[in-house]
Amino acid sequence: MKLALPSFLRTTTFKLALLYSAMFAAFSAALLIYLYYSTVYYIRAESDRRMDLEFEQLGNAYFTGGMERLSESVFERMTRNGSTFFYYLEDATGRRIAGHFQRMPAHNPELDVQTVYFDIDVQEPDGTTVVRPAAGRIVRLRDNGGALLVAFDTAQQTAIVGRIQNAIFIAAPIGLVLSLLGGLLISRGAARRADELARTAEAVMGGELGQRVPVRGSGDEFDRLGQRINAMLDQIEKLIESTRNTGNAIAHDLRSPLSRLRNRLEIALSEPMSKESAEATLSETVEEVDRVLGTFNAILRLARLEAGAEGERIRMDVSELAEELAELFEPACDEAEQSFKSQITKHLTVLGDRDLIGQALSNLLDNAIKYTPAGGTISLTVARGPDGMVDLTVVDTGPGVPAEARDRVVQRFQRMDSARTQPGSGLGLALVDSVAEMHGGQLILADGNGPANAPGLKATLRLPRA
Amino acid sequence: MFDTDQENPMRVLVIEDDAEMASFIEKVLVEAGHSVDKANDGERGLEKARSEDFDAMVVDRMLPEKDGLTLLKEFRDAGGTTPALFLSALGDVQNKVQGLKAGAEDYLAKPFAPAELAARVEALGRRQPSGQEAPVTVLKAGDLEMNLLTRKVTRAGKKIDLQPREFRLLEFLMRHAGQVVTRTMLLEKVWDYNFDPQTNVIDVHVSRLRAKIDKDFDEPLLHTVRGAGYRLQG
């Protein structure tokens, strides 16, 4: 059976915090060890240097004034206040000449220079005597056979080193504990924020689509993640909203033709009819059904388009396509007593689906023809747009679309009320927008060149040039 | 429903598993003056297509035992030449291309108007290889004549000036003289568009063409068939 760890101990952040504190501990240990050895080395070197200085000065006395001068010098130093050194001088026979001690500490008489460690009795100011460790150097006097010892109390050194050791032994575990605690705090903070994300996700799953991840404004990774998730939720909410609206709009848009259909059939059933009027009723009915089917097809097409299931990308000449469509639509404008103008820059190519772009441009032209009154003008322009784009623009002299309604008319089934009387599925501009989007372009609606009361519509299908 | 005085009755094989759809197709084709034989799965359909001689066949894409694409491929690989119309609920261009690649002469998406089906099956019939005849250079329909080499069009000896697109439109109508051609067929075959331009653009082009070929003559050649399309009188 596995022991259940507290949740924050199982988090990635905690593991990272643990790793971090381990690294911190290793680094601190290395630093402390370095500090310890360099301090000890420094203390040793410093006492060696001072010892060298003593021997140099005493050596000078010996070389200039012989044993006599040396012993004077030793006496003088022994009585000097604040001297930290201990001395002992003996002659060739081993007789004590001067010094703090009664005899030379144990040493090897064969060596000219040697270091010795021994204990000394030190008088404390209160009169008691304590035994202290000492280190000294014994040097044989040349041409004489005597020996000189200079020693110092190592207790102070040992105390300093001991204090450093203590400091290290106390500091290291405290540091370790603190870094662990820090890690825990950090990981609990992170775990709490991860929990906030999880709670938001659960709320959204539970149907509360309006729930958002709290953002603290600190700009850290969690904030950025939270903002992204919130943006995603906004998008999803918008999509769901639009799907819901679309569903309602489909129901609404199909209800009227279906009820008309029903009424017509009802009447046909209840009234005796001549063959001619029965035929007329039936053919009207068929037309009505065709319109409903057409709407369904448009919905399906749009759905497939948005799911990316339709369309292939080939390099195609949109100028050529626009010229063909101009030729195709021009007579229809003529028929509607509208004048048609086209200005097409040659050989502009895009990477796209000919049928989809053709459909999109047809929808724009079709809209223009529907909404432009007789005597109006429709123009089709194909030109280079900004930033390597190509602009396919249709401008009409109809009533136009007010700026505040432009977003709406691009959505499915959102037609301006004035347009409800016109035939059409209400999916035309939505399809143009989808086609633009799937080609990495956009549909831009603006006012045409007309007067304020009927500015006309300028619809630009902007596609990346290839 | 539409004209039934069939000058070119055909034997059509309908391979369709949905019984209601199959009888609907049969009804449409019989009304158009053709005779129909039905098969309700892919295996039986292929067997019939191989063993009997049909003028055209209508093949549904989704079939039990053997799907339409495979059926048609196998039929063509074995040397079958009967022209085929592919029928499918999958109406987008890629599916269309797949169908044509598998050896279909034409492709029609469900739901379709009966007139559309009748017109397309009719058009298939004329695709039958016409023996060892020399390639056609002059098309005739009544007193209308089109020379494909000189690109001259005359009616009763009188020259008619046509725009290039009008020429192609008339050429298609003349090649299918006596048959009903639908707006969608014209869009696909004359303009090469697989999308719906919505506005009655085709009607306007046809009426312009009509103005040129019929205006100065007593007997109109280009007729509108209500609810279906157009027919150039043969």
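Both backbone and side-chain heavy atoms feed into the values below; hydrogens, waters and symmetry mates do not.
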When rounded to the nearest 0.5 angstrom, what distance separates CG in A:Asp334 from CZ in B:Arg208?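 Reported to 0.5 Å precision, the distance equals 4.5 Å.
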What is the distance from atom OH of B:Tyr193 to atom CD of A:Gln359, rounded to the nearest 0.5 Å?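 So the OH of B:Tyr193 and the CD of A:Gln359 are separated by 11.5 Å.
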For A:Ala332 and B:Val201, work out which heavy atoms get closest and say how close.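 Closest approach of A:Ala332 to B:Val201: CB-CG1, 4.0 Å.
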Minimum-distance pair of heavy atoms, taken over all atoms of B:Asp192 and A:Arg354: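 B:Asp192 and A:Arg354 have their closest heavy atoms at O-NH1, 3.0 Å.
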Contact part of A:Leu361 toward chain B, heavy-atom cut-off under 4.5 Å: side chain, backbone, both or neither?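 Answer is neither: A:Leu361 stays 4.5 Å or more from chain B.
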Using heavy-atom distances under 4.5 Å, tell me whether A:Glu279 contacts chain B through its side chain, its backbone, both, or neither.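 When you check distances to chain B, no heavy atom of A:Glu279 falls under 4.5 Å.
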Look at atom CD of A:Glu284 and say whether more than 12 heavy atoms of other residues, nucleotides or ligands are closer to it than 6.0 Å.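 Above 12, so yes.
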If you draw a 6.0 Å radius around NZ in B:Lys152, do more than 12 non-hydrogen atoms from other residues or ligands fall strictly inside?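 It does not: B:Lys152 NZ has 12 such atoms or fewer within range.
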For residues 335-343 of chain A, run the donor-acceptor check on the side chains, cut-off 3.5 Å, and write out each pair with its distance to 0.1 Å, sequence neighbours left out.
from, atom 1, to, atom 2, distance (Å)
A:Gln338, NE2, A:Ile369, O, 2.9
A:Gln338, NE2, A:Thr372, O, 2.7
A:Ser339, OG, A:Thr377, OG1, 3.2

Short side-chain to backbone donor-acceptor contact, A:Asp355 and B:Asn194, under 3.5 Å: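 Yes; judged by distance alone, with no hydrogens or angles, the pair exists.
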Is the backbone N or O of A:Pro331 less than 3.5 Å from a side-chain atom of B:His205, with the two atoms forming a donor-acceptor pair by type?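 Checked: no pair found.
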Please determine whether side chain to side chain contact (heavy atoms under 4.5 Å, CB included) holds for the pair B:Phe195 and A:Leu356, giving the CA-CA distance in whole Å, both sets of side-chain angles, and the decisive distance to 0.1 Å. CA-CA 7 Å; B:Phe195 57 86; A:Leu356 290 179; over 6 Å; no
If you define the side chain from C-beta out and look only at heavy atoms, does anything of A:Glu324 sit under 4.5 Å from B:Arg165?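 Contact flag for A:Glu324/B:Arg165 side chains = yes.
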